[in-house]
*Asks:* 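The following block contains the structure, expressed as structure tokens.
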Amino acid sequence: QVQLVESGGGLVQAGGSLRLSCTASGSIFSINDMRWFRQGPGNERRLVAAITSGGSTNYIDSVKGRFTISRDNLKNTVYLQMNSLKPEDTAVYYCNAIVQVSTTRLWNNYWGQGTQVTVSS
């Protein structure tokens with residue numbers, strides 16, 4: 001019913017930048033919070049940044065000042081601008097959204113397929 005498709009991952013040197021995008025499509029009535037998670041090798045999936053429908057943002061301490069989350073509500077898209085990347089940022093990054101499905105008006109939690117970000121030292 002609802003799909004999240006991410007793009008923008010890749011290989012970058014330490015200190016570089018990447019911009020991730022995630023677009024939601026399908027039977028969407030409304031989208032509440034949109035989030036980015038990441039899962040490094042041997043680690044659990046952890047929240048990196050979140051943004052409400054009104055634009056309020058939250059970040060984990062390790063990315064504050066380096067990462068910026070934003071969204072375009074008309075395009076159902078969330079972005080993650082990542083600057084001053086470090087090797088420890090290497091992970092698969094997942095988009096997540098709380099979506100009200102148009103056909104049922106129920107709220108469900110959806111995930112993207114993940115995009116690999118690799119930062120070399």
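Along the sequence shown, residues carry numbers from 1. Computed from a prediction, not measured in an experiment: that's the story for all the values here.
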*Asks:* V12 and V63: same hydrophobic cluster, using ILVMFWY side-chain contacts below 4.5 Å?
*Replies:* yes

*Asks:* Quick one: does NZ or CZ of R105 land under 6.0 Å from the six-membered ring centre of F29, within 45 degrees of the ring axis?
*Replies:* yes

*Asks:* Would you please test V101 and L106 for side-chain contact (heavy atoms from CB on, under 4.5 Å) and show each step?
*Replies:* CA-CA 6 Å; V101 178; L106 295 176; 5.6 Å; no

*Asks:* Which residue, L80, T90, L11, L18, forms the side-chain contact (heavy atoms from CB on, under 4.5 Å) with V117?
*Replies:* L18

*Asks:* Work out which heavy atom in R66 is nearest to a heavy atom in L85; give both atom names and the distance.
*Replies:* NH1-CA, 3.9 Å

*Asks:* Working note: T103 + S27, criterion side-chain hydrogen bond (donor to acceptor under 3.5 Å, both in side chains); need CA distance, chi angles, decisive distance, verdict.
*Replies:* CA-CA 7 Å; T103 52; S27 302; 4.9 Å; no

*Asks:* Would a 4.5 Å heavy-atom cut-off, applied to side chains only, mark I60 and R38 as touching?
*Replies:* yes

*Asks:* Less than 4.5 Å apart, side chain to side chain, heavy atoms only: is that true for W36 and L20?
*Replies:* yes

*Asks:* On a heavy-atom basis, which atom in T115 and which in E6 lie closest, and how many Å separate them?
*Replies:* N-OE1, 3.9 Å

*Asks:* Run the salt-bridge test on D61 and K64 with the 4.0 Å N-O cut-off and return the result as yes or no.
*Replies:* yes

*Asks:* Evaluate the criterion side-chain contact (heavy atoms from CB on, under 4.5 Å) for residue pair Q81 and F67; output intermediate values, then yes/no.
*Replies:* CA-CA 5 Å; Q81 178 66 45; F67 290 12; over 6 Å; no

*Asks:* With the 4.5 Å side-chain cut-off for hydrophobic clustering, are I69 and V92 part of the same group?
*Replies:* no

*Asks:* Heavy atoms, side chains only, cut-off 4.5 Å: are I28 and S102 in contact?
*Replies:* no

*Asks:* Identify the heavy atoms of Q113 and L4 that sit nearest to each other, and give their distance.
*Replies:* OE1-O, 3.5 Å

*Asks:* Step by step, work out the side-chain contact (heavy atoms from CB on, under 4.5 Å) result for T77 and R71.
*Replies:* CA-CA 6 Å; T77 298; R71 65 190 284 172; over 6 Å; no

*Asks:* Distance check, rounded to the nearest 0.5 Å: Q116 atom CD versus Q39 atom CD?
*Replies:* 10.5 Å

*Asks:* Honestly curious: do I98 and M34 fall in one hydrophobic cluster under the side-chain, below-4.5 Å linking rule?
*Replies:* no

*Asks:* Find out whether D33 and I51 are in side-chain contact, i.e. whether some heavy atom of one side chain is under 4.5 Å from a heavy atom of the other.
*Replies:* no

*Asks:* Roughly how far, to the nearest 0.5 Å, is the CZ atom of R35 from the OG1 atom of T57?
*Replies:* 14.0 Å

*Asks:* Write down the atom of N83, the atom of S17, and the distance for their closest heavy-atom approach.
*Replies:* OD1-OG, 2.9 Å

*Asks:* Which pairs with one or both residues in residues 84-119 pass ring-ring contact (aromatic ring centres under 6.0 Å, His included), sequence neighbours excluded?
*Replies:* F37-W111

*Asks:* Tell me the closest heavy-atom pair linking S121 and A14, and the distance in Å.
*Replies:* CA-CB, 4.4 Å

*Asks:* Between N76 and I31, is the side-chain contact (heavy atoms from CB on, under 4.5 Å) condition met? List the steps.
*Replies:* CA-CA 8 Å; N76 291 334; I31 302 178; 3.6 Å; yes

*Asks:* Which distance, rounded to the nearest 0.5 Å, do you find between the CD of Q13 and the OG1 of T118?
*Replies:* 13.0 Å

*Asks:* Taking atom SG of C22 and atom CG of N96, what is their separation to the nearest 0.5 Å?
*Replies:* 8.5 Å

